[in-house]
Protein chains: 2
Amino acid sequence: MIQGGLLLLDGGPMRRNALPLDMIIQGDCIAAMNELPENSVDLVFADPPYNLQLGGDLFRPEGGRVDAVTDDWDKFDTFQTYDSFTAEWLKAARRILKDDGTLWVIGSYHNIFRVGAKLQDEGFWILNDIIWRKANPMPNFKGTRFTNAHETLIWASKSENARYRFNYKAMKAMNEELQMRSDWVLPICSGGERVKVDGVKAHPTQKPEALLYRILLASTEPGAVVLDPFFGTGTTGAVAKRLGRHYIGIDREPRYCRVAQDRIDGVLPLDESAMLTMQSKKAAPRVPFGALVENGLIQPGATLTDLGRRYRARVRADGSVQMDGHEGSIHQIGAAAQGAPSCNGWTFWHVDDGKSLICLDRLRDAYRSNLDA
Amino acid sequence: MIQGGLLLLDGGPMRRNALPLDMIIQGDCIAAMNELPENSVDLVFADPPYNLQLGGDLFRPEGGRVDAVTDDWDKFDTFQTYDSFTAEWLKAARRILKDDGTLWVIGSYHNIFRVGAKLQDEGFWILNDIIWRKANPMPNFKGTRFTNAHETLIWASKSENARYRFNYKAMKAMNEELQMRSDWVLPICSGGERVKVDGVKAHPTQKPEALLYRILLASTEPGAVVLDPFFGTGTTGAVAKRLGRHYIGIDREPRYCRVAQDRIDGVLPLDESAMLTMQSKKAAPRVPFGALVENGLIQPGATLTDLGRRYRARVRADGSVQMDGHEGSIHQIGAAAQGAPSCNGWTFWHVDDGKSLICLDRLRDAYRSNLDA
DNA sequence: GACTGAGCTGAATCTTACA
DNA sequence: ATGTAAGATTCAGCTCAGT
């Protein structure tokens, strides 16, 4: 049953072996994919449930409550249940993929290792793992772990010797004529891009369009067929339409299907020049003082002094410094030394190499050029 | 048989249940770990082999080579063999780990998904996946994929509810007073750091010391026992010695054991004061608010207020406080004032000394340093 | 209109000691 | 084991109200 571009799977007359281009299928993704013809799709992008296994509520330091992903679709009883679900959708995706098509999956440490292993078991050949480095991740409020600041994507072909598509030149052009690396810095999806219904976010895990933009530009050509079995708010469809690719979206939730359809209806295909607007900005590398200690440019225990040699501070193993019983960052201790409200420790502090004083700022330059080399 | 700090496993008189601190064991890591006492090691760092094609037969527990068979079967067999090898060394590592110890593993997309899944299967609880973003990776010469510019580490505790060690403040200090994220930018190991024998690099996959430096500083305390079952050139041992941690290294190759021993012999430990790092408040001795009243740092009857002077509470002789008829601890009344689920009264409440507001936390610091004196 | 500052939010496996 | 209370803890980006 087709309703305004919406294809309803259950009981509907979807013809087997017909490819429902630029349509959204409401239903179970495994059953829906099994209805489609084999070797017919150029790309599968999948954002499956992560199986987060969250505990109770989490509160922010200022008292707010974190709006966590507690939806039923993310709950699995055991790893085994999750694994067999994963194997099933991977098998179905593999069948409909063309032999030279590729698969993208995104996940976090909760699920990505299981997905990656299963995908290799099914015969997929991993081409890259890609790190989405979030420019603005949610902090770790309780100070219990490292800030979870990235998600992982796996890009895989159907087999080891498949002739997959990779638009090398386009990627290089997008990255200021440097080869595109396996780590991508992109902001999370927020602001005007976030799809909302009555002011409330429509989906808890909407992905940024920039992510799909780069994926489709890298691994498909115009006119390609892109299938997303976990369509959600339809980011994949929106970007595919904008870039002149065909999409097929599948989602179990009628609500999400409607939201996605509305969203995609509002998308206009892009002319080439406008594509440039989404290029990534290259961030100037921020160097923490601790990195210099860690990399041996400054030894723990070294003494720092100012140009007038009036103050002396001692460097500790973690990059904090100590002076007269006070401890803190080079900036904090520099400020305390002078009784100033603030201080740029990079220019204030120097290392005495016996002959002369070397400004920390010069050591930072040295470290930066080491990074560039 | 112990030879100049080198412990030879095969046939040697290594006593079961003795912990060979600051030693290198030459032998199979699974057998060697199984000789060590259970619950005795604080940290395991593992850089396991991942070259499936060349190393397949090495992982066979029974021996017996795999004949060159059809591609599909060979691959399946290789994964199987690699998986059981992985499960074996993970089990052995898990046995010798203390219940509050943690495991670090590093790998690439070739093996990390299999290792991660197996590690979850064995009961380890993933705390973070960490991305080592290489500042200077090798380019992809053929232009067929994204430049493989990172490796992945997994950090895991022995079980879900284990009380693992994480030096939050030290990590934050090392990163300019921002939480340390899950993506670490570090240069690859090259130049003078690269261990060479007769001008040729001694090991193909030597890891940078900066990587181990951050790992040990983040997840161990001085004096901890760190075991590395794939010791190679002994980077783990070198950094452990420098940071005042004990190491136990295991490697199958006598050649690597010798190289590592020479390298570690040349390392000088940091002196203790340089090894100091920022301590988290959680580690500081607990001070009841009543003690401040008792010792005259705050007078009974004094008025407390918040930074915005919106709320006022009155201190009573027993260290409880009162506000609008409610009475309780500084935390309870602070929470009630804001309508928040909880509150740190130490940082919320201030005393007005006529000129400015003094945070209770600063009075507590004064009391604590008074205790030390 | 431009600027400032307070407030809100994002795939989160998010405390510890003691009774 | 469970419950209770102490007390430790946040970064970047966007929105919106108020100069």
Side-chain angles (χ1 to χ4, degrees), chain A residues 47-71 73-76 79 106-112 132 134-152 185 187-194 196 199-201 203-208 230 232 283, chain B residues 120 124-129 155-157 159-164 166 168-169 172 175-182 280-290 308 319 328-332 334-335 340-349 360-361 364:
Chain A
D47 182 9
Y50 288 6
N51 189 23
L52 286 185
Q53 303 175 259
L54 299 179
D57 282 343
L58 176 65
F59 290 94
R60 302 160 187 271
E62 88 278 7
R65 192 179 135 274
V66 173
D67 185 17
V69 180
T70 51
D71 306 66
W73 50 252
D74 196 48
K75 290 191 168 56
F76 295 83
F79 278 137
I106 184 168
S108 65
Y109 66 84
H110 309 83
N111 71 323
I112 198 65
W132 168 27
K134 299 183 185 182
N136 47 351
M138 184 157 69
N140 180 292
F141 294 116
K142 303 293 187 189
T144 56
R145 304 179 179 190
F146 298 97
T147 305
N148 195 4
H150 73 276
E151 294 191 23
T152 301
V185 182
I188 60 175
C189 178
S190 68
E193 188 188 327
R194 192 90 195 193
K196 290 182 179 136
V200 182
K201 65 181 175 189
H203 194 283
T205 72
Q206 186 183 338
K207 296 294 176 287
F230 307 97
Chain B
Q120 290 180 306
F124 283 103
W125 186 252
I126 298 182
L127 299 168
N128 278 116
D129 59 336
W155 182 39
S157 64
S159 65
E160 177 174 357
N161 298 312
R163 291 214 297 256
Y164 57 93
F166 177 53
Y168 175 73
K169 274 281 178 69
K172 201 175 170 184
N175 193 36
E176 299 273 288
E177 287 305 312
L178 291 177
Q179 288 191 338
M180 187 68 83
R181 300 166 40 116
S182 58
S280 73
K281 277 192 179 173
K282 289 170 188 168
R286 188 173 279 212
V287 175
F289 179 64
S329 70
I330 51 172
H331 314 294
Q332 289 167 336
S342 71
C343 167
N344 183 347
W346 291 108
T347 51
F348 180 71
W349 293 113
L360 292 190
D361 211 27
R364 180 170 61 168

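Lettering of chains follows the sequences in order, A, B, ..., and the numbering in each one begins at 1. Predicted, not measured: the structure shown is a model, and the values here were computed from it.
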Do any side-chain nitrogens or oxygens of [X] fall under 4.0 Å of OP1 or OP2 in [N]?
X         : N       : value
Tyr50(A)  : dT13(C) : no
Tyr168(B) : dT10(D) : yes
Gln332(B) : dA6(D)  : yes
Asn344(B) : dT9(D)  : no
Arg364(B) : dA8(D)  : yes
Lys281(B) : dT15(C) : no
Arg145(A) : dT10(D) : no
His331(B) : dG7(D)  : yes
Lys201(A) : dG10(C) : yes

Need one value for [X]: base, sugar-phosphate or nothing, where a base atom within 4.0 Å counts as base even if backbone is also close, heavy atoms only.
X         : result
Asn140(A) : base
Ser108(A) : nothing
Arg65(A)  : nothing
Thr147(A) : nothing
Pro208(A) : nothing

**Item:** Spacing of Asp361(B) atom CG and Thr347(B) atom OG1 [to the nearest 0.5 Å]
**Value:**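 It comes to 6.5 Å.
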**Message:** I'd like to check, for Phe141(A), whether its ring lies over the base of dC14(C) with centroids under 5.5 Å apart and a plane angle smaller than 30°.
**Reply:** no
**Message:** Taking the nucleotide of DNA chain C with the nearest heavy atom to each, does Asn51(A) or Ile188(A) sit closer to the 5' end?
**Reply:** Ile188(A)
**Nearest to side-chain heavy atoms of Leu178(B), which nucleotide of dC11(D), dG7(D), dA11(C)** =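 For Leu178(B), the side-chain atoms sit closest to dC11(D).
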**Message:** Stem finding on DNA chain C, please: runs of three or more consecutive Watson-Crick or G-U wobble pairs, both distances under 3.5 Å, sorted by first number.
**Reply:** C:2-10 with D:11-19, C:15-19 with D:2-6
**Message:** Please classify dT15(C) as syn or anti, treating any glycosidic angle within 90° of 0 as syn.
**Reply:** anti
**Request:** Return yes if some donor-acceptor pair links the side-chain N/O of Asp74(A) with the main-chain N/O of Leu52(A) below 3.5 Å, else return no.
**Result:**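 Yes: the side chain of Asp74(A) pairs with the backbone of Leu52(A).
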**Stepwise side-chain hydrogen bond (donor to acceptor under 3.5 Å, both in side chains) check, Ser108(A) with His110(A)** = CA-CA 5 Å; Ser108(A) 65; His110(A) 309 83; 2.6 Å; yes
